[in-house]
S.K.: 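Input: one structure, supplied below.
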There are 2 protein chains.
Amino acid sequence: MTPGVEHVAGSPAPRSADVAKLAGVSRKTVSRVLNNEPYVSDEARERVLAATEELGYRLNHAARALASGRTRSIGVVALGTAGYGTASLLMGIEQAVRNAGYALRVINTPDGAPKSIAGAVESLLEQGVDGLVVSEPIVEGDVALRIDVPVLFLGAPPAFTATRTLTVGVGAHPLARAATEHLLDLGHTTVHHLAGPRHWYATKDRIEGWRAALTERGAYEPPLLNGDWSAASGYAAGRALAADRSVTAVFAAGDEMAIGLIHALREAGRRVPDDISVVGFDGNPVFAYVSPPLTTVRQPFDAAAEEGIRLLVHAIEEPDTALPPASDPPVELVVRGSTAPPPPPPSGLARPAAT
Amino acid sequence: MTPGVEHVAGSPAPRSADVAKLAGVSRKTVSRVLNNEPYVSDEARERVLAATEELGYRLNHAARALASGRTRSIGVVALGTAGYGTASLLMGIEQAVRNAGYALRVINTPDGAPKSIAGAVESLLEQGVDGLVVSEPIVEGDVALRIDVPVLFLGAPPAFTATRTLTVGVGAHPLARAATEHLLDLGHTTVHHLAGPRHWYATKDRIEGWRAALTERGAYEPPLLNGDWSAASGYAAGRALAADRSVTAVFAAGDEMAIGLIHALREAGRRVPDDISVVGFDGNPVFAYVSPPLTTVRQPFDAAAEEGIRLLVHAIEEPDTALPPASDPPVELVVRGSTAPPPPPPSGLARPAAT
DNA sequence: ATGAAAGCGCTAACAT
DNA sequence: ATGTTAGCGCTTTCAT
């Protein structure tokens with residue numbers, strides 16, 4: 001039994017004036033209480049809260065937004081896949097936004113093309129948001145819009161201009177580098193890279209991390225392979241790669257592509273990790289339970305989302321203060337069973353092949 | 001080069017009065033054009049549209065909502081996992097909502113507990129929504145709230161009362177049944193079931209479909225196993241199951257649990273599908289690329305979301321009309337490599353074990 | 001087919 | 001510490 005008044009269906013929703021009357025104060029005092037403003041006596045506050053409860057009063061956000069010019073909403077432009085990475089990032093953003101006391105408006109751009117992003121931003125702005133999050137946009141083309149709220153670019157550099165832009169990386173560069181170095185440390189001469197679709201910033205970032213590791217070690221940089229994040233595209237790349245006997249290590253830009261890749265390799269008679277090592281990217285825990293368990297690098301989605309939203313909220317609420325510095329998320333390499341030292345050189349002069 | 005006026009930062013955003021003045025009409029006419037109302041001459045409409053464009057005018061949703069009492073937003077209470085199923089359903093909802101011309105507000109309830117759901121609903125109502133979607137809520141406990149907008153329960157029966165409630169199943173029952181029947185058809189005497197967490201409606205639904213298939217064929221109903229949707233929980237269940245030599249077929253309520261299960265089975269020396277067949281649930285395409293490729297049943301997330309939103313929008317816009325009937329989504333069994341006929345009876349009288 | 005006036009429920013600025 | 005007044009930018013009457 002919850003105490004409280006049963007409301008007849010159809011009775012109009014109570015307004016702040018009703019609360020004020022019941023509490024015996026003015027509407028402004030009600031407003032003060034509801035917004036945690038100072039200069040309200042404890043007694044008045046008590047009475048207002050009690051009246052609010054008794055009437056089942058719910059503040060009207062539209063009216064508040066209209067009067068105050070602030071919506072207490074943050075809009076996010078998300079990329080339209082149901083993949084582990086995208087979904088994890090979105091959940092992280094949702095939680096961070098809610099914890100900061102803001103509401104969330106979401107628009108998905110199925111393709112992530114500049115035009116779709118522009119449309120999404122425009123629509124979010126019209127709906128009314130105090131800030132915008134643009135998650136991992138594509139890098140081609142331009143977006144020309146009048147944007148007068150701060151914009152957070154998550155995992156990518158600013159893709160367009162706004163009053164105030166912020167950027168928080170998801171640390172893909174060092175992660176890609178760590179993945180590549182892991183393979184190099186194992187003794188592989190070089191590491192091939194199965195990248196994501198061109199035009200994605202996430203793709204570019206990982207390529208650069210991979211390249212940096214190779215360059216630093218003076219390793220040969222093999223030609224790039226491109227997939228579309230899907231396991232099917234990884235499988236296709238794997239078929240092509242299996243024919244090349246010189247390949248002993250591959251770093252895939254996504255776990256799912258890595259899974260497809262491994263499948264193709266094994267179908268072609270190449271053993272993983274005995275003949276070829278594969279590292280994924282993202283850290284989806286389910287791939288600890290496939291054969292071989294996938295070595296991967298964990299993306300700090302929650303940390304990136306939290307950090308980003310913290311900055312965005314700061315930019316919204318204290319536009320003139322300097323931003324607190326961004327902290328770099330830790331690199332987390334998850335070594336499982338899909339990586340091993342390279343196989344001994346094929347037959348030949350050195351010594352007879354061991355078992 | 002996009003044509004249009006460059007706006008000086010800081011100049012106030014244009015209002016409908018500005019558009020009206022530029023177009024030489026009244027504010028009401030502007031409003032009519034923007035809302036596609038009748039009784040506007042083509043000429044006036046043209047002029048208004050041109051002025052809108054020229055000023056870079058954006059309608060203020062908060063003001064509209066306040067004046068009209070309608071927000072053109074739909075709120076969704078989602079369950080907080082980044083799993084393939086949940087994420088797919090959310091994307092489907094987002095797209096359907098957007099196509100219907102509504103904006104989306106999302107709140108995630110990490111645990112899905114009744115209290116969290118109540119909090120989420122309350123918050124969404126306060127933010128202002130014309131309708132609510134509650135996705136696969138947990139079945140325990142009560143939620144007592146005054147809700148005066150239509151509510152769509154997706155994949156579960158109504159969990160609380162509102163002005164108007166709608167329900168759209170995701171068709172889990174027939175899907176679970178099809179999965180079980182597939183195994184029975186293969187010749188298995190019975191089928192074990194690795195269910196999801198208790199209290200989830202999705203769990204209950206699948207159990208019932210499984211049980212119905214078993215009962216209809218007169219098959220013995222083995223005791224239930226429970227997981228938490230994760231691969232790790234599937235792995236734990238698999239370890240327990242591997243000891244029981246009588247088990248030849250398992251239907252797991254989620255793909256990830258199936259993957260964990262298979263992993264444990266194989267570690268224990270049981271071959272899949274030769275010794276034990278496993279069917280998953282959801283249809284995540286990546287599991288076509290593991291060994292063995294996972295036989296599963298595809299959930300029609302997009303269809304369910306679309307159907308549900310269609311109904312919800314109907315309830316919002318024409319509260320008095322009867323609802324168009326819901327169409328049942330098709331059952332899609334995806335047979336891959338994790339299922340096969342049961343192994344021949346162990347040693348004994350029949351005939352010597354082959355190979 | 002178009003316009004003028006009123007008001008949605010709240011907060012801002014300025015009282016007191 | 002509290003109240004009063006005047007809008008926020010739109011849509012709704014109801015005129016014309």
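Here is the naming used below: chain letters follow the sequence lines, and residue numbers restart at 1 for every chain. Worth saying up front: this structure is predicted, and the values here are computed from it rather than measured.
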S.K.: Between B:T321 and B:H314, does a side-chain contact (heavy atoms from CB on, under 4.5 Å) hold up when you go through it step by step?
M.R.: CA-CA 8 Å; B:T321 324; B:H314 183 100; 3.6 Å; yes
S.K.: Closer than 4.0 angstrom, basic N to acidic O: yes or no for A:R310 and A:E306?
M.R.: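 No.
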S.K.: Nearest-Å distance, CG (B:N36) to C1' (D:dT11)?
M.R.: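 Taking atom C1' of D:dT11 as the reference, CG of B:N36 is at 15 Å.
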S.K.: Can you tell me how far P in C:dC10 sits from the matching atom in C:dC14, rounded to whole Å?
M.R.: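 Result for the P pair: 23 Å, nearest Å.
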S.K.: Using heavy-atom distances to pick each residue's nearest nucleotide on DNA chain C, tell me which of B:A67 and B:V25 is more 5'.
M.R.: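 Closest to the 5' end, via its nearest nucleotide, is B:V25.
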S.K.: Where the side chain of B:R15 is defined as all heavy atoms beyond and including C-beta, which of C:dC10, D:dG9, C:dT2 is the nearest nucleotide?
M.R.: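 The answer is D:dG9.
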S.K.: Base of C:dT11, side chain of A:R27 - is there a donor-acceptor contact under 3.5 Å?
M.R.: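 Side chain to base: pair present.
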S.K.: Starting from C1' on C:dG7, measure out to CG on B:L66 and report it in whole angstrom.
M.R.: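 In whole Å, C:dG7 C1' lies 9 Å from B:L66 CG.
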S.K.: Nearest heavy atom decides the nucleotide; on that basis, is B:A62 or B:K28 closer to the 5' end of DNA chain D?
M.R.: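 First, find each residue's nearest nucleotide; the 5'-ward one identifies B:A62.
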S.K.: Check the distance between C:dA1's P and B:R47's CZ and give it to me in whole angstrom.
M.R.: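 So the two atoms are 15 Å apart, to the nearest Å.
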S.K.: Using whole Å, what does the distance between atom P of nucleotide D:dA1 and atom OH of A:Y39 come to?
M.R.: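 Checked: the OH to P distance equals 7 Å.
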S.K.: Report the distance from atom CG of B:L55 to atom C1' of D:dG9, rounded to the nearest whole Å.
M.R.: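 Roughly 15 Å, once rounded to whole Å.
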S.K.: Measuring from atom CD of A:Q127 to atom CG of B:L104, what distance do you get when rounded to the nearest 0.5 angstrom?
M.R.: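 Nearest 0.5 Å value for the CD-CG distance: 9.0 Å.
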S.K.: Could you provide the dot-bracket string of DNA chain C, using ( ) for intrastrand pairs, [ ] for crossing pairs and | for bases paired to another strand, with Watson-Crick or G-U pairs below 3.5 Å?
M.R.: |||||||||||.||||
S.K.: So if I take every side-chain heavy atom of B:R64 and compare against D:dT13, D:dA1, D:dC10, which nucleotide ends up nearest?
M.R.: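 Of the options given, the side chain of B:R64 lies nearest D:dC10.
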S.K.: Looking at OG1 of A:T52 and CZ of A:R47, how far apart are the two atoms once the value is rounded to the nearest 0.5 Å?
M.R.: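 Reported value, rounded in 0.5 Å steps: 12.0 Å.
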S.K.: side-chain contact (heavy atoms from CB on, under 4.5 Å) between A:N108 and B:R98: does it pass, once the steps are laid out?
M.R.: CA-CA 9 Å; A:N108 224 297; B:R98 189 152 36 83; 4.0 Å; yes
S.K.: Got a donor-acceptor pair under 3.5 Å from the side chain of B:R58 to the base of D:dG9?
M.R.: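 Counting by modelled atom types and ignoring angles, no donor-acceptor contact under 3.5 Å is found here.
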S.K.: Rounded to the nearest 0.5 Å, what separation is found between the CG atom of A:L312 and the CG atom of A:L132?
M.R.: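 It comes to 8.0 Å.
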S.K.: Could you tell me whether the side chain of A:T167 reaches within less than 4.5 Å of the side chain of A:P158, counting heavy atoms only?
M.R.: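 In contact.
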S.K.: Would you mind telling me which of C:dT11, C:dG9, D:dC10 lies closest to the side-chain atoms of A:L59?
M.R.: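 Output: C:dT11.
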S.K.: Think B:S41 has a side-chain N or O under 4.0 angstrom from the OP1 or OP2 of C:dT2?
M.R.: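 Yes, B:S41 has a side-chain N/O under 4.0 Å of OP1/OP2 on C:dT2.
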S.K.: From CG of A:N60 over to P of D:dC10, roughly how many Å is that when rounded to an integer?
M.R.: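 Atom-to-atom, A:N60 to D:dC10, this comes out as 17 Å.
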S.K.: Nearest-Å distance, NE2 (A:H61) to C1' (C:dC10)?
M.R.: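 Atom NE2 in A:H61 sits about 12 Å away from atom C1' in C:dC10.
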S.K.: Select one nucleotide: of C:dA4, D:dC10, D:dG3, the one nearest the side-chain heavy atoms of A:S26.
M.R.: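 Out of C:dA4, D:dC10, D:dG3, the nucleotide with an atom closest to A:S26's side chain is D:dG3.
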S.K.: Check this one for me: any side-chain N or O of B:S31 less than 4.0 Å away from OP1 or OP2 of D:dT12?
M.R.: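 No, because none of the side-chain N or O atoms of B:S31 sits under 4.0 Å from OP1 or OP2 of D:dT12.
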S.K.: Please state how far atom CZ in B:R32 lies from atom P in C:dA4, giving the value in whole angstrom units.
M.R.: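 So the CZ-P distance, B:R32 to C:dA4, works out to 11 Å.
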